[in-house]
There are 2 protein chains.
Amino acid sequence: MASQLSSETSTTVRKTLEFVQHHRLAKGDRLPSERELSERFGVARSSVREALAVLDAMRITERKPKSGIFLRNAVEDGGLDTLVLQADLGLAFDPQVTRDVTEARIICEEQALRLACQRRTEADLTKLRRLLDAYAAIIDADGNPSDADVEFHLALVAASQNRILVRTLTPLMLMSTTWRRRYFDSAAIRRRSLDDHRAFVDAVEARDEAAAAALVKRHVQTAAADVRALAEQGSATATNTT
Amino acid sequence: MASQLSSETSTTVRKTLEFVQHHRLAKGDRLPSERELSERFGVARSSVREALAVLDAMRITERKPKSGIFLRNAVEDGGLDTLVLQADLGLAFDPQVTRDVTEARIICEEQALRLACQRRTEADLTKLRRLLDAYAAIIDADGNPSDADVEFHLALVAASQNRILVRTLTPLMLMSTTWRRRYFDSAAIRRRSLDDHRAFVDAVEARDEAAAAALVKRHVQTAAADVRALAEQGSATATNTT
DNA sequence: CCTACCAATCTGGTCTGACCAGATCAAGGC
DNA sequence: GCCTTGATCTGGTCAGACCAGATTGGTAGG
């Protein structure tokens, strides 16, 4: 969640998170008052309050009436939405986080694919083929397929007929793909990714659970390793991707 | 996420969701203007705007400047946070949703427990034993252990050393437990739940993956079945739990 | 010197009203 | 009938105000 908020609210959320990180605030610490934040950020208190409502809803902060604003979870310890928000904002990540995301994605996607093999409908297959074509069209036009990649993976999971799994994997996918946007710069990788996707659909169509499970494991792990290599390479010159 | 928002914001969020449901609004539909909502709900526009900021962040609505407020996802199609929010607000649920949540929980918790068997530390075991005692104390005092239940399950998952899995399961746990609050009214169920929890810790300590996996599957499925029975029983008199 | 109490101050919660600029739409001119 | 145009509506943002409870610092009493 938490993309494309109104500009002012979005920037205020960002500034607040940066404030927390910069001042090394931890769980339970108190933030400056709304009035001070509004002055510090150069926006009206109402704008600060909108940002705080978002942070509150994300369980990052807690506003105690007549008392103050307290950190509920450190930014590093927030919910998945917080992480997606951080990825959107281009903030840096603990390498451990990317490893955990990869592991979680493999767990959920593998089981989802197994279910998909059992339950996929003809409509699912049709949709997947269509997304496959769209994906191919994008890379033929030399575009960045990161959004199409998310859409495809989620459609694959949706074939499990479990909408909760889709919603669970959505933030994980969004995070990975934010990181992978640069990664898709390589034409070879785009092509390999498309081949993998085709193999997914074939396995699901053939109801071959074992093949699907093995494929997704390799696909995600390979991609994650490539991203990690790219990140380490990049971190020689820059600490984060802002 | 999205519990314990400030009272006004929370109720306004609720009213807005109810408005959407009541008027059968679908994706892309337009909501009344902020000014009209504020009048309709009897609160100031600033309060409406705070609620809309939350709904925006949850990707439920989209505010197009100078144009209007549009539904991005139908309430039924929102993210996990939306569902947790709905559960918090006591709104009704599609039975399919509870089934999907159960399935997703089993998938994630089973794999998390397997990892926990491999990676659990002494500190994890100490914490789990402590939570077990706290749980026992609560049911001895005839209290409702739903919060302790969430805490225990999440600690169990945390022993997998994968923080993303914890965050992924958090909303699923929160949802289940909101539903299960009534369910814990039965002393027999509270006792059985405690026994299950003890067995979890024993299996993780013994690093017995197969036992842990089987246990969690049975535990979650049994609980879900009981809740479903309770819900069907309750729905004879009331459609939802408001 | 320490404690207990009280008032000034600070804080979040909420409301009112205002201005801006772009989107929308209906009325009027061609 | 089509296009222009201006009134109107919308979200975005701001300033300032009041409330009531939490906090706190200083003072009076022990």
Side-chain angles (χ1 to χ4, degrees), chain A residues 1-17 19-20 23 25 27-73 89, chain B residues 1-17 19-20 23 25 27-73 85 88-89:
Chain A
M1 85 177 211
S3 308
Q4 296 143 355
L5 290 169
S6 96
S7 58
E8 194 77 22
T9 305
S10 164
T11 61
T12 305
V13 168
R14 174 189 193 135
K15 282 179 180 172
T16 307
L17 288 181
F19 179 92
V20 168
H23 290 262
L25 298 186
K27 185 185 290 190
D29 286 349
R30 191 184 146 176
L31 276 72
S33 71
E34 298 180 349
R35 290 168 176 85
E36 186 179 336
L37 286 177
S38 81
E39 192 174 353
R40 188 187 292 263
F41 296 155
V43 296
R45 181 152 86 109
S46 54
S47 299
V48 171
R49 281 190 62 78
E50 266 188 60
L52 287 177
V54 172
L55 292 171
D56 244 35
M58 288 195 192
R59 306 182 134 260
I60 294 176
T61 60
E62 183 179 8
R63 290 182 285 179
K64 293 190 179 168
K66 290 117 194 159
S67 179
I69 307 159
F70 300 86
L71 221 59
R72 196 199 293 258
N73 299 311
L89 296 177
Chain B
M1 81 175 215
S3 309
Q4 294 140 358
L5 289 169
S6 96
S7 56
E8 193 77 25
T9 305
S10 163
T11 61
T12 304
V13 167
R14 175 190 192 135
K15 283 178 181 173
T16 307
L17 287 181
F19 178 92
V20 167
H23 290 263
L25 297 186
K27 185 185 290 189
D29 285 350
R30 191 185 146 174
L31 276 73
S33 71
E34 298 180 350
R35 289 170 176 85
E36 185 178 337
L37 286 176
S38 81
E39 191 175 354
R40 187 187 293 262
F41 296 156
V43 297
R45 181 153 85 109
S46 52
S47 299
V48 171
R49 281 190 61 78
E50 266 188 59
L52 288 177
V54 172
L55 292 171
D56 244 37
M58 289 194 191
R59 307 182 134 265
I60 295 175
T61 60
E62 182 178 10
R63 291 182 283 182
K64 293 188 180 172
K66 290 116 195 160
S67 179
I69 306 159
F70 299 86
L71 221 58
R72 197 199 295 258
N73 298 313
L85 178 66
D88 274 1
L89 297 178

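A, B, ... follow the sequence lines: proteins, then strands. Residue 1 opens every chain.
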Margin query: Could you report the tightest heavy-atom contact between A/P32 and A/I69, atom names first, then the distance?
Written below: O-CD1, 3.6 Å
Item checked: Beyond-backbone contact of B/R49 with B/R63, side-chain heavy atoms, under 4.5 angstrom ->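 A side-chain contact exists here, since the closest heavy-atom pair is under 4.5 Å.
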Check: Are side-chain heavy atoms of A/T61 and A/T16 found at a separation under 4.5 Å?
Finding: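 No, every pair of side-chain atoms sits at 4.5 Å or beyond.
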Nearest-Å distance, [atom1] ([X]) to [atom2] ([N])?
X     : N      : atom1 : atom2 : result
A/E36 : C/dT11 : CD    : C1'   : 12 Å
A/L31 : C/dG12 : CG    : C1'   : 13 Å
B/R30 : D/dC9  : CZ    : P     : 12 Å
A/E34 : C/dG13 : CD    : C1'   : 8 Å
B/L55 : D/dG11 : CG    : P     : 14 Å
A/E50 : C/dG13 : CD    : P     : 14 Å
A/F41 : D/dC14 : CZ    : C1'   : 17 Å
A/R63 : C/dC10 : CZ    : C1'   : 17 Å

May I ask you to verify if any side-chain N or O of [X] is less than 4.0 angstrom from the OP1 or OP2 atom of [N]?
X     : N      : answer
A/S67 : D/dG21 : no
B/R49 : D/dG12 : yes
B/S33 : D/dT10 : yes

Check: In Å and rounded to the nearest 0.5 Å, what is the CZ to OG1 distance from B/R14 to B/T11?
Finding: 9.0 Å
Please list each protein N or O that sits under 3.5 Å from an N or O in nucleotides 15-18 of chain C, with the distance.
residue: C/dC15; atom: OP2; partner: B/A44; partner atom: N; Å: 2.9
residue: C/dC15; atom: OP2; partner: B/S47; partner atom: OG; Å: 2.7
residue: C/dA18; atom: N6; partner: B/R45; partner atom: NH2; Å: 3.3

Notebook entry, point to check: Among D/dT10, D/dG21, D/dG12, which is the nearest nucleotide to the side chain of A/K66?
Noted result: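 Closest nucleotide among those given: D/dG21.
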Expected list for residues 37-47 of chain A: side-chain donor-acceptor pairs under 3.5 angstrom, two or more places apart:
residue: A/S38; atom: OG; partner: A/R35; partner atom: O; Å: 2.9
residue: A/R40; atom: NH2; partner: A/E36; partner atom: OE2; Å: 3.0
residue: A/R45; atom: NH1; partner: A/E34; partner atom: OE1; Å: 2.5

Item checked: side chain to side chain contact (heavy atoms under 4.5 Å, CB included) between A/V54 and A/E50, worked out -> CA-CA 7 Å; A/V54 172; A/E50 266 188 60; over 6 Å; no
Note to self: Regarding A/L52, tell me which of base, sugar-phosphate or nothing describes its non-hydrogen contacts under 4.0 Å with the strands shown.
What the structure shows: nothing
Next item on the list: Tell me, with the steps shown, if A/I60 and A/V20 meet side chain to side chain contact (heavy atoms under 4.5 Å, CB included).
Entry: CA-CA 10 Å; A/I60 294 176; A/V20 168; over 6 Å; no
